[in-house]
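Structure record follows, encoded as structure tokens.
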Amino acid sequence: MLNLIYNEYLKIKKSKVIVIFLLSQIALIWINASVYNPKDSSWELASILTFPSDMLDIYTQLLIFFVPIIISQIVTEDLLGGTLKLNIMNEPVRYKHLLSKLLSFLLVILFSTFFFLLTCYLIGVIYLNNTWQIDFYRRGSSSLDDFLYTLVNYSKLLMPIFAYGSVTMLLGLFIKSPISVNITMIFLCVFFFNTQIGQKLTSLQVIGYRDILPIIVLSLLIGVFSFLFGTVLFKNKDILY
């Protein structure tokens, strides 16, 4: 099982999509840092260590766009190319191959989140500190408090992304066109973010865990159900060669 996860992780990590994804992160962080103005009231309490929290909405938007593309790389294209069909000829291990793809996707998201945070800190130190002499941590706080504040904000995003990836994988198993999967998920996201729950995900930085907890639980249920539903349906699905 670990070998399956590692192989899928390497497959995603080496794809051109990941390179574009990471370069997009660097570009957007740099653009936002270049227009950063500490005299603006919205930045009054900001510090180098909390700067990534101000970029959380940017990261969320990147994930909304790139997650369906990444999932298409590891599921839909394997399915169309026959690789997935070849791997799951042995009935008892079908779920393992699907689970390895989902877990490898989550590893990539964790790696991407770490990369995004690290890039924010590097640009913060190199550009913001030299340009505006912004404090490393907020007054009245500590470096550990500010760092934990940032980590907590980003942790709120992981479970909704897990659900988003699971639903995308479910669609990818039954819609043969990667482009159709991407367009469908983006349209669903546009609809979702116009709902009351979806609007909360656009302001994770100011939402406490008491308010975000129902979203985390709902995301977990949706993610697990989507994976199980996809596994059951795909197990009973005839494989054509």
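Positions are given from 1, in the same order as the sequence printed here. No hydrogens, no waters, no symmetry mates; every other heavy atom, side chains included, goes into these values.
In terms of the side-chain contact (heavy atoms from CB on, under 4.5 Å) criterion, residue partners of Phe227 (sequence neighbours excluded) are, by chain and number, Leu98, Leu99, Leu102, Thr231. Partners of Phe65 according to the side-chain contact (heavy atoms from CB on, under 4.5 Å) rule, which considers only residues two or more places apart in sequence or in another chain, are Ile69, Ile186. Every residue two or more places apart in sequence or in another chain that forms a side-chain hydrogen bond (donor to acceptor under 3.5 Å, both in side chains) with Ser142 is listed here: Asp145. With sequence neighbours excluded, the residues that form a ring pair (Phe, Tyr, Trp, His ring centres under 6.0 Å) with Phe225 are Phe229. Every residue meeting the ring pair (Phe, Tyr, Trp, His ring centres under 6.0 Å) condition with Phe116, not counting sequence neighbours, appears here in chain and number order: Tyr59. For Leu118, the side-chain contact (heavy atoms from CB on, under 4.5 Å) criterion is met by Phe114, Leu122, not counting sequence neighbours. Partners of Phe21 by ring pair (Phe, Tyr, Trp, His ring centres under 6.0 Å), not counting sequence neighbours, listed by chain and number: Phe66.
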Check: residues 213-222 side-chain donor-acceptor pairs under 3.5 Å, at least two apart:
{"unit_1": "Ser219", "atom_1": "OG", "unit_2": "Ile215", "atom_2": "O", "d": "2.7"}

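Separation of atoms OG (Ser47) and CZ (Phe136) is listed at 8.0 Å; rounding is to 0.5 Å. Taken to the nearest 0.5 Å, the CZ atom of Phe162 stands 6.5 Å off from the CG atom of Leu106. For the atom pair SG (Cys120) and CG (Asn32), the distance works out to 9.0 Å, reported to the nearest 0.5 Å. Rounded to the nearest 0.5 Å, atoms CD1 (Ile29) and OG1 (Thr119) are 5.0 Å apart. Here OH of Tyr121 is found 13.5 Å from CD1 of Ile123. Values are rounded to the nearest 0.5 Å. Atom CE of Met55 is separated from atom CD of Gln61 by 11.0 Å, given to the nearest 0.5 angstrom.
Inspection of the Thr50 and Asp146 side chains reveals no N or O donor paired with an N or O acceptor under 3.5 Å.
Annotation for Tyr154 and Leu117: closest pair CE1-CD2, 3.6 Å, computed over non-hydrogen atoms. Annotation for Leu49 and Thr150: closest pair O-OG1, 2.7 Å, computed over non-hydrogen atoms. Heavy-atom minimum distance, Ser226 versus Val167: OG-CG2, 3.4 Å. Between Phe51 and Ala33, the closest heavy-atom pair is CZ-CB, 4.0 Å.
Other residues, nucleotides and ligands contribute at most 12 non-hydrogen atoms within 6.0 Å of the CZ atom of Phe147. Surrounding OH of Tyr137 are at most 12 heavy atoms belonging to other residues, nucleotides or ligands under 6.0 Å away.
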Steps toward side-chain contact (heavy atoms from CB on, under 4.5 Å) verdict (Thr168, Ile70)
CA-CA 10 Å; Thr168 307; Ile70 296 172; over 6 Å; no
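The residue from Leu157, Thr113, Ile58 that alone fulfils the side-chain contact (heavy atoms from CB on, under 4.5 Å) condition with Leu63 is Leu157.
Judged purely by atom type and a 3.5 angstrom limit, Ser24 has no side-chain atom pairing as donor or acceptor with the backbone of Leu62.
Taking 4.5 Å as the limit, every side-chain heavy atom of Leu144 sits out of range of all side-chain heavy atoms of Tyr149.
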